[in-house]
Amino acid sequence: MTSAKYVGSVLYNLRHEYNSNLPQSSHSFGDYDGYGTGLNKYEKENEAYNELSKKALRDSNMSSVDSISNVDSVADLKNLDVDEINKLFEHYKYPSNKSNDLEIAAFKDKIIKTINCNRTVVIIGATGCGKSTQVPQYILDDCMSKKKYCNIIVTQPTRIAAISVSNQVNNDRGWEDGFLVGYQVGRKKNVDPHTTKILYCTAGILLLKIIKAKSLSEFTHIIFDEVHERTLKMDFILLFIKKLQKKNSQSTHVILMSATADALKLQDYFGDYYGHPYNRHETAQLVKVEKPSNYKILIHYLDDLYGLIPAIDDAGFMTAIQLVKAFDEMKVDDDTKKSVLIFLPGIYEIEEMHRRMEDLMASE
């Protein structure tokens with residue numbers, strides 16, 4: 001075998017090994033054209049493979065929005081009909097200046113560059129800087145501008161948060177709810193399986209998807225928002241993510257976002273160890289969104305608060321009861337009784353106050 005043919009054979013085998021770990025829509029052989037005569041004998045097989053890939057894409061549930069990821073260059077858009085191009089972009093609106101006043105806007109380029117160059121990225125930013133709404137949009141805008149396929153899933157700690165953030169993004173961009181951005185919480189969802197590119201959901205939904213697929217390849221980006229809120233499901237997901245990233249989902253990007261998480265621990269946990277001859281540990285990349293706090297932040301530990309927790313003694317209960325009784329007997333101009341709202345620190349105090357007031361009413 002000549003050296004040219006040998007090199008061509010090696011490239012061919014490496015290509016198949018690499019592409020086997022990628023979503024089908026991201027397979028491309030164009031980068032290997034012209035490497036030598038060694039690839040000539042595989043041209044027919046490559047051509048057949050590309051035809052099968054195109055057929056699989058047509059038969060899949062992907063819409064015209066997905067098909068732009070298979071356009072190799074801007075010039076190739078000329079091969080599309082005008083109606084197809086209009087349909088592709090009629091629902092997509094590129095960013096406006098509406099969210100430029102958020103602190104995270106100054107870090108947009110850095111965030112995109114860091115995510116594109118690393119499998120795992122930790123983003124730390126103060127509450128209100130725009131992490132939840134803006135980071136998924138930055139990724140989507142970047143992929144759409146480069147005609148790259150993307151499927152982004154974002155976890156939220158609560159169902160209400162997943163729904164409200166999804167609606168907020170659609171309102172900011174003027175998109176129809178559930179078209180490009182949707183949500184799924186429990187049995188309630190507003191999502192189009194053909195067009196949705198950003199899915200907000202709870203950790204439980206993502207965990208079920210991962211367990212079912214045994215892979216992360218369904219998603220190009222997985223974003224964990226408020227990752228500091230430790231739950232059993234979140235811990236399991238982070239464990240699965242770390243294992244699957246190294247096993248069969250090397251192409252999936254993972255972004256961990258929080259305002260108060262210990263960034264060093266997250267970076268260390270999701271770092272990579274390089275053996276001989278390097279023998280070093282590289283931590284996950286960190287992007288820190290600087291935002292001056294409007295408030296002075298103090299840290300108190302639970303053991304230090306026991307002496308500060310308010311307690312209500314008998315005198316306090318009797319004082320409140322006497323005040324309620326006085327308000328009840330107070331005369332008003334329209335002869336209507338007014339309500340009294342009492343704030344109590346816990347369920348025990350509420351039940352105790354209720355019991356004492358019932359005893360007073362029974363005695364009278």
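As a basis for the values below, the full set of heavy atoms in this structure was taken, side chains included, without hydrogen atoms, waters or symmetry mates. This chain uses plain numbering: 1 for the first residue, then up along the sequence.
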Quiz item: Passes side-chain contact (heavy atoms from CB on, under 4.5 Å), K209 versus Q184? Steps please.
Solution: CA-CA 12 Å; K209 291 179 180 291; Q184 182 177 356; 3.8 Å; yes

Self-check item: Summary of salt bridge (charged side-chain N to carboxylate O under 4.0 Å, His left out) pairs that have at least one residue in residues 187-196, sequence neighbours excluded
Solution: none

Quiz item: Any salt bridge (charged side-chain N to carboxylate O under 4.0 Å, His left out) pairs touching residues 266-279, not counting sequence neighbours?
Solution: R119-D272, K246-D272

Quiz item: Rounded to the nearest 0.5 Å, how far does OH of Y273 lie from CD of E282?
Solution: 12.0 Å

Quiz item: When rounded to the nearest 0.5 angstrom, what is the spacing between OG in S164 and CZ in R159?
Solution: 14.0 Å

What residues, two or more places apart in sequence or in another chain, satisfy side chain to side chain donor-acceptor pair (under 3.5 Å) together with [X]?
X    : result
N151 : none
T133 : none
N116 : D142

How far apart are the closest heavy atoms of [X] and [Y], and which atoms are they?
X    : Y    : value
F179 : T195 : O-OG1, 2.7 Å
A261 : V227 : CB-CG1, 4.3 Å
K233 : G204 : CD-CA, 3.9 Å
L140 : C150 : CD1-SG, 3.5 Å

My understanding is that only residues two or more places apart in sequence, or in another chain, count here; which of them pass side chain to side chain contact (heavy atoms under 4.5 Å, CB included) with [X]?
X    : answer
F240 : L207, I210, I211, F236
Y348 : E352
T127 : A259
H354 : E358

Exercise. Evaluate the side-chain contact (heavy atoms from CB on, under 4.5 Å) criterion for residues Q245 and F270: first the C-alpha distance (whole Å), next the side-chain angles of each, then the deciding distance (0.1 Å), finally the verdict.
Key: CA-CA 10 Å; Q245 264 191 316; F270 282 95; 4.0 Å; yes

Using side-chain heavy atoms (C-beta onward) and a distance below 4.5 Å, is [X] in contact with [Y]?
X    : Y    : answer
D141 : R173 : yes
L239 : Y269 : yes
V165 : Y183 : no
V121 : H253 : no
I115 : Y138 : no
T155 : M234 : yes
I139 : I223 : yes
C129 : F107 : no

Quiz item: When clusters are formed by joining ILVMFWY residues with side-chain heavy atoms under 4.5 Å apart, either directly or through shared neighbours, do I160 and V169 land in the same one?
Solution: no

Exercise. Kindly determine whether S132 and Q156 satisfy side-chain contact (heavy atoms from CB on, under 4.5 Å), including the steps that lead there.
Key: CA-CA 9 Å; S132 303; Q156 291 293 322; 4.2 Å; yes

Quiz item: In terms of heavy-atom contacts, does CD1 of I347 have more than 12 from other residues, nucleotides or ligands at under 6.0 Å?
Solution: yes

Quiz item: Is K243 atom NZ crowded by more than 12 heavy atoms from other residues, nucleotides or ligands, each under 6.0 Å away?
Solution: no

Quiz item: For D314, what residues pass the salt bridge (Lys or Arg N to Asp or Glu O under 4.0 Å) criterion, not counting sequence neighbours?
Solution: R356

Quiz prompt | Full working for side-chain contact (heavy atoms from CB on, under 4.5 Å) between C201 and I153 | solution = CA-CA 7 Å; C201 67; I153 188 167; 3.6 Å; yes

Practice problem: Output yes when a side-chain donor or acceptor of N190 lies under 3.5 Å from a complementary backbone atom of I163, and no otherwise. | Solution: no

Practice problem: Show which residues join L341 in its hydrophobic cluster (side-chain heavy-atom contacts under 4.5 Å, direct or indirect), or state none. | Solution: F343

Let me have the donor-acceptor pairs involving side chains of residues 317-327, under 3.5 Å, with sequence neighbours excluded, atom names and distances please.
from: T319; atom 1: OG1; to: A315; atom 2: O; distance (Å): 2.7
from: K325; atom 1: NZ; to: E364; atom 2: OE2; distance (Å): 2.9

